Amino acid sequence: MTNHNPGTGPHPQPPYQQPFAQPGWQPAAPVVPPTRPRRRFLAYGLTAIVSLIIGVGIGAGGETGTSASPRPIVTVTETTQAESVPAATETVTAEPVVDPEEEDGPQTTFSGDGQYLVGDDIKPGTYKTAGADGPNCYWARLKNASGELTAIIANGNVQGQTRVTVKKGEFFETSGCQDWKRVG
């Protein structure tokens with residue numbers, strides 16, 4: 001055998017070996033970046049939270065408190081003229097007409113804007129609205145009137161007719177809806 005490399009002896013070349021190879025050694029599997037379901041979850045989750053905060057903000061933008069406001073007393077002034085006497089003025093004071101249902105306790109029909117305590121301001125039961133009284137109708141059933149997201153039991157943004165069942169002790173918040181009427 002002739003050696004074509006100067007300076008080396010007639011020794012055969014060893015077979016090619018990978019550096020630092022141990023018996024049973026195999027190259028590592030290629031590193032594949034993990035899929036990104038966590039990022040997708042975060043993006044959708046953040047979108048949902050932001051939407052919820054906006055909805056609560058819209059709902060909180062309306063009037064708060066009860067819808068029962070003091071009723072004005074109507075005063076009617078009537079002027080009459082007698083034949084022999086100059087004009088006389090008579091004042092009549094009338095009490096407002098009150099719906100018998102309102103005297104007995106909580107309301108069964110109320111405005112589409114406000115926050116109501118079920119059992120005190122409105123009667124428990126199922127209420128129905130014809131839908132939005134503008135661009136959006138928001139409603140929420142709440143554990144308390146704290147205004148925090150954790151107080152929300154259920155809520156929704158609706159365009160058309162909808163029904164909501166409320167229980168005694170809950171708060172019912174509504175904004176931008178037509179009047180609510182108890183149907184059950």
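In this text the structure is predicted, and so the values were computed from the model without any measurement. Residues take their numbers from the sequence shown, with the count starting at 1.
With sequence neighbours left out, the side-chain hydrogen bond (donor to acceptor under 3.5 Å, both in side chains) criterion links S146 to N144. Applying the side-chain hydrogen bond (donor to acceptor under 3.5 Å, both in side chains) criterion to W139, with sequence neighbours excluded, gives no partner residue. Legend: residues meeting side-chain hydrogen bond (donor to acceptor under 3.5 Å, both in side chains) with Q178, ordered by chain and number and at least two apart, are absent. Checked against salt bridge (charged side-chain N to carboxylate O under 4.0 Å, His left out), R182 has no partners two or more places apart in sequence or in another chain. Remark: T126 engages R163, T165, V183 in a side-chain contact (heavy atoms from CB on, under 4.5 Å) (not counting sequence neighbours).
When every heavy atom of E173 is checked against every heavy atom of L142, the shortest pair comes out as OE1-CD1, 3.5 Å. The nearest pair of heavy atoms linking T108 to K123 is CG2-CD, 3.6 Å. Taking every heavy atom of both residues into account, C137 and A132 meet most closely at CB-CA, 3.6 Å. In this structure, C177 and T129 approach most closely via the heavy-atom pair CB-OG1, 4.2 Å. Closest approach of G119 to K168, counting heavy atoms only: CA-CG, 4.2 Å.
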Side chain to side chain contact (heavy atoms under 4.5 Å, CB included) between V164 and R141: does it pass, once the steps are laid out? CA-CA 9 Å; V164 178; R141 289 177 48 219; 3.9 Å; yes
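Between the CG atom in D179 and the NZ atom in K128 there is a gap of 13.5 Å [rounded to 0.5 Å]. Between atom CD1 of residue I122 and atom CD of residue E170 there is a gap of 9.5 Å, rounded to the nearest 0.5 Å. Rounded to the nearest 0.5 Å, atoms OH (Y127) and CD (Q107) are 8.5 Å apart.
Between Y116 and F171, the distance from one ring center to the other does not fall under 6.0 angstrom.
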Result block: side-chain N/O donor-acceptor pairs under 3.5 angstrom for residues 149-162, not counting sequence neighbours:
| unit_1 | atom_1 | unit_2 | atom_2 | d |
| --- | --- | --- | --- | --- |
| N155 | ND2 | Y138 | OH | 3.2 |
| N157 | OD1 | N136 | ND2 | 3.2 |
| Q159 | NE2 | P135 | O | 3.2 |

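Using a 4.5 Å cut-off on side-chain heavy atoms (C-beta onward), W180 and T109 make no contact.
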